[in-house]
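One structure below.
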2 protein chains.
Amino acid sequence: MKVSKKAYYGLRAAVSLADADGPVSARELAERERIPEEFLEKILQKLRRSGIVESKKGVEGGYALAEQSVSVWDILRALDGPVRTFTPPLGKGTLPCDFPSHCRTNDVLRRLEEEIEKTLSGVTISRRSERNQESGMKNEEKAVLSSPDS
Amino acid sequence: MKVSKKAYYGLRAAVSLADADGPVSARELAERERIPEEFLEKILQKLRRSGIVESKKGVEGGYALAEQSVSVWDILRALDGPVRTFTPPLGKGTLPCDFPSHCRTNDVLRRLEEEIEKTLSGVTISRRSERNQESGMKNEEKAVLSSPDS
DNA sequence: TCGAAGTAAGACTGATTTAGTCCTAATTTA
DNA sequence: TAAATTAGGACTAAATCAGTCTTACTTCGA
Ligand code: FES
Ligand code: FES
């Protein structure tokens, strides 16, 4: 029940990208966040294939968030794969098997998954590249990471 | 981000024990739930050291839930160890380090942990060994697994 | 048009964790 | 005392994690 280093780095990278205002190269990002460069590259590539970041090759290229904002849930799912807290019935289909506590246990775990998903989907990382010139707010005051509560 | 087989088996075992009305041997429980016997024994021993089940040796011995009810959270913590979703700062103490996104990322993950804990602590497994003779309710109608909502 | 800066992708590797097994006690009760 | 049971530790095979290495391919600017 833990978040992998890969996902942790990915989260850090995403927050960092949201702070930046242009594409950032993997090397630069690795230095900023002290993440092993080659490993980070793999992570960014995965995030790209999931459509979370986009990349530009060549000089002055790099990675940037693909959308205005992305949820923490999306990033975790992309990097750690689907959360598997419960074990589906061994037999075929969705029919009940005959392990007395199987169904009841899975019910609890399924609820847990939903809870986690709901919580993490609500937490988003948003870039602040487009400066909101209408707003009287200073840029620094706009949160990069935000959640409904807090 | 998954629940280990160990924890999953432990959960199943606990639900099963809550259903039973006397101590159940590891062998019997393993058969009922189709869990590898030696492995289940290790799991039950861990649950015992955490005070979740109690054991009785010898003929007619076995395991039983130690308390009237136990939360799913307790079982998971006992078997999978503490949930570690975030990485504490590398330096000493609680002082901030200099990785731009470190603090913000950890804040999110810490909130996630709290959320999970809150959710799972609310789900409890309670035994129904003491028959409530005053109640008009039939025994079968008393839920072994319960949560505030649902 | 060439070379440097960059991403893309896959094979490979060492360390750790998971999911057990095996073996040898120690207890309890019939 | 023998059978049933838990107690605990050492051991192991397989999977996963955390990264590295290598070899491309693409883009831009000089
Ligand atoms: S699916 Fe196994 S008991 Fe319901
Ligand atoms: S502890 Fe690392 S930046 Fe705050």
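Reminder, nothing fancy here: chain letters follow the sequence lines and each chain counts from 1.
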[X] [atom1] to [N] [atom2]: how many Å, rounded?
X	N	atom1	atom2	value
Ile35(B)	dT21(C)	CD1	P	12 Å
Gln45(B)	dA25(C)	CD	C1'	12 Å
Tyr63(A)	dA5(C)	OH	P	17 Å
Arg84(B)	dC17(D)	CZ	P	13 Å
Ile43(A)	dA9(C)	CD1	P	16 Å
Lys46(B)	dG20(C)	NZ	C1'	13 Å
Arg27(A)	dA5(C)	CZ	P	8 Å
Glu54(B)	dA7(D)	CD	C1'	16 Å

Hey, is Asp107(A) close enough to Arg104(A) for a salt bridge, meaning N to O under 4.0 Å?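 Here Asp107(A) does not pair with Arg104(A) in a salt bridge, since their nearest N and O are not under 4.0 Å apart.
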Between the side chains of Arg127(B) and Asp21(B), is the shortest nitrogen-to-carboxylate-oxygen separation below 4.0 Å, so that they form an ion pair?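 Not counted as a salt bridge, because no side-chain N and carboxylate O are separated by less than 4.0 Å.
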Between Gln68(B) and Ser126(B), a side-chain donor and acceptor under 3.5 Å: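 Not at all, the side chains of Gln68(B) and Ser126(B) share no donor-acceptor pair under 3.5 Å.
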Kindly indicate whether the side chain of Tyr8(A), heavy atoms from C-beta on, has any atom under 4.5 Å from the side chain of His102(B).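 SC-SC contact between Tyr8(A) and His102(B) confirmed.
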Categorize Arg48(A) for me: base, sugar-phosphate, or nothing, with a 4.0 angstrom heavy-atom threshold over every strand shown.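 Sugar-phosphate contact only.
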Arg111(A) vs Glu114(A), salt bridge (Lys or Arg N to Asp or Glu O under 4.0 Å): CA-CA, chis, key distance, verdict: CA-CA 5 Å; Arg111(A) 269 219 301 288; Glu114(A) 283 160 14; over 6 Å; no
Is there a side-chain polar atom (N or O) of Arg49(A) under 4.0 Å from OP1 or OP2 of dA8(C)?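 Result: no.
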Compare side-chain N and O positions of Ser55(A) against OP1 and OP2 of dG6(C) and report whether any pair is under 4.0 Å apart.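 Answer is no, no contact under 4.0 Å.
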Using a cutoff of under 3.5 Å, can you pull out all pairs of nitrogen or oxygen atoms linking the protein to nucleotides 25-28 of chain D, with atom names and distances?
{"from": "dT26(D)", "atom 1": "O4'", "to": "Lys57(A)", "atom 2": "NZ", "distance (Å)": "3.4"}

Evaluate the side chain to side chain donor-acceptor pair (under 3.5 Å) criterion for residues Asp19(A) and Ser16(A): first the C-alpha distance (whole Å), next the side-chain angles of each, then the deciding distance (0.1 Å), finally the verdict. CA-CA 5 Å; Asp19(A) 269 338; Ser16(A) 213; 5.6 Å; no
For nucleotides 18-22 of chain D, which of its nitrogen or oxygen atoms have a protein nitrogen or oxygen under 3.5 Å away, and what is each distance?
{"from": "dA18(D)", "atom 1": "OP1", "to": "Lys5(A)", "atom 2": "N", "distance (Å)": "3.3"}
{"from": "dA18(D)", "atom 1": "OP2", "to": "Lys5(A)", "atom 2": "N", "distance (Å)": "3.3"}
{"from": "dG19(D)", "atom 1": "OP2", "to": "Tyr9(A)", "atom 2": "OH", "distance (Å)": "3.3"}

Above 12 or not: heavy atoms from other molecules or residues under 6.0 Å from CD of Glu37(B)?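 Check passes, neighbour count above 12.
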Would you check, one step at a time, whether the test salt bridge (Lys or Arg N to Asp or Glu O under 4.0 Å) holds for Glu28(B) with Arg32(B)? CA-CA 6 Å; Glu28(B) 168 67 16; Arg32(B) 279 191 206 167; 2.8 Å; yes
Any residue meeting side chain to side chain donor-acceptor pair (under 3.5 Å) with Ser4(B), in chain and number order, not counting sequence neighbours: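 Checked Ser4(B) against side chain to side chain donor-acceptor pair (under 3.5 Å); matches are Asp80(B).
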